[in-house]
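Presented below is the structure to which this report refers.
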Amino acid sequence: MTRYTPAEIEARWQEVWSRDAVFEAVRSADKPKYYVLEMFPYPSGRIHMGHVRNYTMGDVIARYKIATGHSVLHPMGWDAFGMPAENAAMAIGGHPKDWTYGNIADMRDQMKPLGLSIDWSREFATCDVDYYGQQQSLFLDFLEAGLVYRKNAVVNWDPVDMTVLANEQVEQGRGWRSGALVERRELTQWFFKISDYSEDLLEALDRLENWPAKVRLMQENWIGRSRGLQFAFSTIDAPDGHDRIDVYTTRPDTLLGASFVGISPDHPLAKVLERDNPEVAAFCAECRQIGTTEEAIETAEKRGLDTGIRVRHPFDTAHELPVYIANFILMDYGTGAIFGCPAHDQRDFEFATKYDLPIISTYLPSEDSDETLSEAYVPAKTEPVFYNRGFAGEAHQTGLEAIDAAIEFCEQNGIGQGVTKYRLRDWGLSRQRYWGCPIPVVHCTVCGVVPEKKENLPIELPYDVSFDQPGNPLDRHPTWRDCDCPSCGRPAKRETDTMDTFVDSSWYFARFTAPGADTPTVMEDAAYWMNVDQYIGGVEHAILHLLYSRFFARAMQITGHLPQSAIEPFDALFTQGMVTHEIYQTRDDKGRPVYHLPEDVTDGKLADGSDVEIIPSAKMSKSKKNVVDPINIISAYGADTARWFVLSDSPPERDVEWTASGAEAAFKHLSRVWNLCDRIGAMDKGSGGQGDAELLRAMHLCIHDVTMGIESFGFNAAIAKLYAFTATLQKSKASHAAQREAVMTLAQLMSPMTPHLAEDIWAHQGGEGLITTAPWPVADAAMLVSDTVTLPIQVNGKRRAEITVPADLPKEEVEKAALADQAVLRTLDGAVPKKVIVVPGRIVNVVV
RNA sequence: GCGGACGUGGUGGAAUCGGUAGACACAAGAGACUUAAAAUCUCUCGAUCGUAUGAUCAUGCGGGUUCGAGUCCCGCCGUCCGCACCA
């Protein structure tokens, strides 16, 4: 008897797959194609269990699709630009490029032993000159198509990373990466016109049926469509050029409840007033300063300053309202100005109470309700209310009806227009960093901003840069900026800003379809391989990456780089859960927590015998030391064990807890399967013969269940079925032929999860060719039905007995058999059944 | 505050359509083999009562629909996630 030796088996089969190029994606005329993609990693230098789980899931799908006769594209690359490389250069010296490529080499070496079905011939990194050169070409096409533009904008400035952040990259007033409080600065920046596609990006979400509802909803909220009325108040005593204030409201039905107008501290009118009124200037400065701090958001104290300016109510010009500058009004939403309706908005209510402004109801719960309010009355828009100061529609109507009526009324009377607004802003892509894709434009003192000529691409990053001072090294480079103006030929300067790294990841999936091409994509290849049939990654990319990619696919279609059919690039999306682990903690003599690696803890004790405190499982993180290095697991148990375990215990969308005992058990099981194969191989060919039919029936049932499990991302359930079938086979006394068929099928069903072991079993049993390319077994429907069925019998919904009857026994006969059962008779105790429900093949319920 | 998801044994979790709740695994316990250990194998394992056949209770709590509810509906409670001064 031999032993299961994964190290030897795995190396051997990986060598064979590589030699035979079985995972090379080839366009095929007579096979359906399948493109499976896991979100590509950032080359931090080490793979972690989260990567193992993510890529194993993709691998299961890819291998299953190969076996079911698809031409599969399953590529891998590196999201390689970005700040960690620069930070490393600043912290430990060295060069971001060397650091990044070194990490890529390390991670590739760590990843290959997993035995993933990746077409490594298509591998690229986004920091490859070839890739970012094509990205520059795309940028120029976008520019020509009017999809990119430059504007002066107030931007989010991250003072730690010394760069601009997109709104999407600011979380609670802090930079998404550095965590530093974001400041406001005015800079000239490049923007993608994503907001032009707000409606399209929103409306198309409905058709992404194979995306998680949660992700679609998050994108919907992010795009943030609202329908409202835009109109203007005419002003009294306002500075020149401000004879009106434009306002946007989603509740035009409350217009008669207006008691003030509020403008943002960044509103053009506020800026004019600021110039010659120190009081206004001080107030605005204060608002800006605290505008983004966390305390300001949490305490949310409503503050305002009366400008002295008055406006006329559009319905009654004799009715004048004061204009306040208010700290809670955002310049970048709507028009930066609102009308305050304290009766129906809690924020306005607090403001009005503080500054002693009137609170005027426009609707009440019912006709006889009291009009005095202790807080704003804000019912659901779908709830019918009584309009005591309505001006359009019925007296009793819902908010929604009243809003529609109010917009129509205002449009007919020339007061304003119904408009649809979106929360989604244009995507600012300029970054003041070195390690990114240079923006291919030139600044000429004569011609202004000029796009670089395509024949001058790629604009390559210079290698000789230093990171000894903050800011962008490209700005300080002695010669790199110098160039000739592409338009007039005079000496000019290159743009030194680089692109946001989200640009790099917004089209890599398209590049994989033709990775070596001298254009960004090749239409023929893109048309064949796109869309990604199954995309797999973390839910943390639910908004930014996926929204940007959807925009890019549209922009690439417009500029002729993708077919119309690929404007939604990801047909199906799966968001997988994390890998977690318990945290082991002790305290030092000052009471501070000290964490310990799992391998240093045995039975809740350290090597010196001291107890550790066990903190419940959480995402693996280096700082908490609750990490398990995949490399250690692979060397201890092999890749198949790691793969089997990360798939086995929890549903893929949920977190899975890594436990040493679970990994151990997975290894034991795989050893058992291997021994089983060994035993069957050594069987006397003529021996056995009991229960062949039962074994084969169980096998077909297992084929059915595992196939269903893989198709529906129920990998954990599929694995449970494989455990059960293995136990059945182990106990079987069937003939050698039946057992051989069973173990070969078992190997095939396991092959997407544990490909090396499966391949080895296949070879041992004399299977033809590779198991990887062998056709997936098909469950024989005739084998799934048994001659007899065991039916539970309920009396009044409670299970009392079981009968075994022929599967095709007519209902009446089943009923008769059920009522004749001893246990049923005992329970009935002479009572006469009122009704007997027979669900064929399922259950019998006797009602008394 | 708004929006969403989830809640099943000691633990992770199963349970196409509403049809035997707890598959499979971990942990725990018992046993076989062994001088012993490891490895391997076998058995028990939701709770209560009972020697047992079995009975009663049980899928967060309370109601409802149904012959039948973990699954559908209503109302609570709890946990997690996303968004948030959005006019």
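Below, all heavy atoms of this structure are taken into account, side chains as well, without hydrogens, waters or symmetry copies. All chains are named by letter (A, B, ...) in the order of the sequence lines, taking the proteins before the strands, and each is independently numbered beginning at 1. Worth saying up front: this structure is predicted, and the values here are computed from it rather than measured.
Distance noted for atom P between B/rU51 and B/rC72: 42 Å (whole Å). Distance check on atom P: B/rG60 versus B/rG7 gives 8 Å, rounded to whole Å. Between the P atoms of B/rA30 and B/rU20, the separation comes to 35 Å (whole Å). Atom P of B/rU42 sits at a distance of 32 Å from the matching atom of B/rC49, rounded to the whole Å. Across B/rC81 and B/rC17, the matching C1' atoms stand 30 Å from one another, rounded to whole Å. Only the C1' atoms considered, B/rA38 is 16 Å distant from B/rA32, to the nearest whole Å. Here the separation of B/rC67 from B/rG62, taken at their C1' atoms, is 24 Å to the nearest Å. Remark: the separation of the C1' atoms in B/rU65 and B/rG18 is 11 Å, to the nearest Å.
Glycosidic conformation of B/rC17: syn, with the torsion inside 90° of 0. In B/rG70 the O4'-C1'-N dihedral to the base is more than 90° from 0, which defines an anti nucleotide.
Across all strands, A/T659 comes closer than 4.0 Å to no nucleic acid atom at all (heavy-atom distances). At the heavy-atom level, A/Q346 lies nowhere under 4.0 Å from the strands shown. Nucleic acid contact class of A/L217 (heavy atoms, under 4.0 Å, all strands): sugar-phosphate only. Nucleic acid contact class of A/I329 (heavy atoms, under 4.0 Å, all strands): base. Here A/T250 lies in heavy-atom contact (under 4.0 Å) with sugar-phosphate atoms only. At a threshold of 4.0 angstrom between heavy atoms, the contacts of A/H344 with the nucleic acid are absent.
Ring planes of A/Y248 and A/Y333: perpendicular class, angle over 60° (limits at 30 and 60°). Taking the six-membered ring where the residue is Trp, A/Y355 and A/Y324 present tilted rings, their angle falling between 30° and 60°. Using the six-membered ring where Trp is involved, A/F713 and A/F715 have ring planes that are tilted, between 30° and 60° apart.
For A/N716 and B/rC24, the shortest distance from a side-chain N or O to OP1 or OP2 is not below 4.0 Å. For A/R654 and B/rG13, the shortest distance from a side-chain N or O to OP1 or OP2 is below 4.0 Å. Within the 4.0 Å cut-off from OP1 or OP2 of B/rA87, at least one side-chain nitrogen or oxygen of A/Y333 is found.
Rounded to an integer number of Å, the gap from A/R225 CZ to B/rA87 P is 14 Å. The CG atom of A/L547 sits 13 Å away from the P atom of B/rC83 (whole-angstrom rounding). Distance CG (A/L546) to P (B/rG82): 15 Å, rounded to an integer number of Å. When the P atom of B/rC80 is taken as reference, atom NZ of A/K619 falls 17 Å away, rounded to whole Å. For the pair A/I837 CD1 and B/rG18 C1', the computed distance is 13 Å after rounding to whole Å. Atom-to-atom, NZ of A/K835 to C1' of B/rU66 comes out at 9 Å; the value is rounded to the nearest Å. One can place CD of A/E653 at 20 Å from P of B/rG4, the figure rounded to the nearest angstrom. At whole-Å resolution of the value, CG in A/N796 and C1' in B/rA69 are 16 Å apart.
A/Y363 and A/H344 have their aromatic ring centers within a separation under 6.0 angstrom. Ring centers of A/W658 and A/F645: under 6.0 Å apart, within the cut-off. Ring pair A/F725/A/Y723: centre-to-centre distance not below 6.0 Å.
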Under a 4.0 Å heavy-atom criterion, the protein footprint on nucleotides 48-59 of chain B, written with B, S and -, is -------SSS--
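Stem regions annotated for RNA chain B: B:1-7 with B:77-83, B:10-12 with B:24-26, B:28-32 with B:40-44, B:46-49 with B:54-57, B:60-64 with B:72-76, counting only runs of 3 or more consecutive pairs of Watson-Crick or G-U type with both contacts under 3.5 Å.
Residue A/W222 places its side chain closer to B/rA84 than to any other of B/rC17, B/rA25, B/rA84.
The minimum heavy-atom distance between A/P752 and A/L749, with the atom names listed, is CD-O, 3.5 Å.
By the neighbour-count criterion of 12 heavy atoms within 6.0 Å, atom CD of A/E802 is densely surrounded, having more than that number from other residues, nucleotides or ligands. More than 12 heavy atoms of other residues, nucleotides or ligands shown are found within 6.0 angstrom of CZ on A/R227. Within 6.0 Å of CZ in A/R244 there are 12 or fewer heavy atoms belonging to other residues, nucleotides or ligands. More than 12 heavy atoms of other residues, nucleotides or ligands sit less than 6.0 Å from atom NZ of A/K354.
Residue A/A720 is the one, among A/A720 and A/L330, whose nearest nucleotide of RNA chain B lies closer to the 5' end (criterion: closest heavy atom). Nucleotides of RNA chain B nearest to A/G797 and A/E657 differ in position, and the one nearer the 5' end is that of A/E657.
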Between the protein and nucleotides 40-46 of chain B, list every N/O to N/O distance that falls short of 3.5 Å.
{"unit_1": "B/rC41", "atom_1": "OP1", "unit_2": "A/R672", "atom_2": "NE", "d": "3.1"}

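Here the side chain of A/Q346 pairs a donor or acceptor atom with the backbone of A/A376 at under 3.5 angstrom. Remark: side-chain polar atoms of A/D655 are not paired, donor with acceptor, to backbone N or O of A/V579 under 3.5 angstrom.
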Walk me through whether A/Q230 and A/T335 qualify under side-chain contact (heavy atoms from CB on, under 4.5 Å).
CA-CA 9 Å; A/Q230 185 156 333; A/T335 61; 3.6 Å; yes
